[in-house]
Amino acid sequence: MTRRVGLIVLEIVGVLVAGAAVLAGILFWRLSSGPIEVGFLTPYLEAALDVGPVQLSIGDTSIRWNATDRTIVLVATEVRLVDKDETAVATIPQVQATLSLRDLVTGAL
């Protein structure tokens, strides 16, 4: 009985690992074919980068794969800093943040 339960648990773990590998392969294939638009991340980025009296506005966000140094690049376009009076303090056409795959896998920032 215990052996049978162990085999079932191993099968479940194997299916989960195989599924995760397939999803990771699809993600990397999609990243290598071009940028992925991730507009749903925009409100979260704006909230995380809230700088007090100045409000941050991001037009669009995307994720790109940089094959030369094996990094994922998070790109924010049409970034604007606006004060309380709705006056544009700064406008930046594009901001990039590079994320290391090794650090992402290990959970390091």
Side-chain angles (χ1 to χ4, degrees):
M1 178 81 172
T2 306
R3 184 177 179 155
R4 182 180 170 120
V5 171
L7 287 175
I8 291 173
V9 169
L10 281 176
E11 286 180 7
I12 291 171
V13 169
V15 167
L16 291 174
V17 168
V22 168
L23 288 176
I26 290 171
L27 175 67
F28 287 119
W29 166 74
R30 179 61 182 94
L31 277 172
S32 67
S33 64
I36 298 174
E37 300 298 325
V38 287
F40 65 91
L41 289 178
T42 301
Y44 297 109
L45 289 173
E46 290 174 346
L49 299 173
D50 187 16
V51 288
V54 181
Q55 183 179 8
L56 180 76
S57 170
I58 299 174
D60 195 20
T61 54
S62 63
I63 297 176
R64 298 179 185 162
W65 170 252
N66 187 354
T68 55
D69 51 349
R70 296 183 187 149
T71 56
I72 294 176
V73 181
L74 180 64
V75 180
T77 56
E78 301 171 15
V79 178
R80 293 182 45 202
L81 292 174
V82 180
D83 64 4
K84 292 185 255 184
D85 303 326
E86 296 295 323
T87 305
V89 176
T91 303
I92 304 168
Q94 187 178 57
V95 176
Q96 296 183 357
T98 304
L99 308 170
S100 168
L101 284 177
R102 180 177 296 142
D103 291 342
L104 286 175
V105 169
T106 60
L109 291 176

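Since the model is a prediction, treat every value here as computed from it, not as a measurement. When reading the values below, keep in mind they use all heavy atoms of this one structure, side chains included, and skip hydrogens, waters and symmetry mates.
Residues Ile58 and Glu78 are not in side-chain contact: their nearest non-hydrogen atoms beyond the backbone lie 4.5 Å or more apart. Proximity of Val13 to Val17: side-chain heavy atoms (C-beta onward) are separated by under 4.5 Å at one or more points.
Note that CG of Leu49 is 12.0 Å distant from OG of Ser57, once rounded to the nearest 0.5 Å.
Exactly one of Val79, Thr77, Leu74 qualifies for a side chain to side chain contact (heavy atoms under 4.5 Å, CB included) with Val95. That residue is Val79. Ile12 pairs in a side chain to side chain contact (heavy atoms under 4.5 Å, CB included) with only one of the listed residues (Val9, Leu10, Val15, Ile8), which is Ile8.
Scanning all heavy atoms of the two residues, the minimum distance from Thr71 to Trp65 falls at O-CE3, 3.5 Å. The two residues Arg64 and Pro35 have their closest heavy-atom pair at CG-CB, 3.5 Å.
Checked by atom type, the side-chain pair Asp85/Thr87 shows no donor-acceptor distance below 3.5 Å. No hydrogens or angles considered: a donor-acceptor pair under 3.5 Å links the side chains of Thr42 and Thr61.
Note on Leu45: it clusters hydrophobically with Ile63, by side-chain heavy-atom contacts below 4.5 Å among ILVMFWY residues. A continuous path of Ile, Leu, Val, Met, Phe, Trp and Tyr side chains, each step under 4.5 Å between heavy atoms, connects Phe40 with Ile72, placing both in one hydrophobic cluster. Cluster annotation: Val73 is not connected to Leu27 through the hydrophobic network of ILVMFWY side chains, with a link wherever side-chain heavy atoms come within less than 4.5 Å. No continuous path of ILVMFWY side-chain contacts below 4.5 Å connects Val54 to Val82, so the two sit in separate hydrophobic clusters.
Within 6.0 Å of CD on Gln55 lie no more than 12 heavy atoms contributed by other residues, nucleotides or ligands.
Judged purely by atom type and a 3.5 angstrom limit, Gln94 has no side-chain atom pairing as donor or acceptor with the backbone of Val75.
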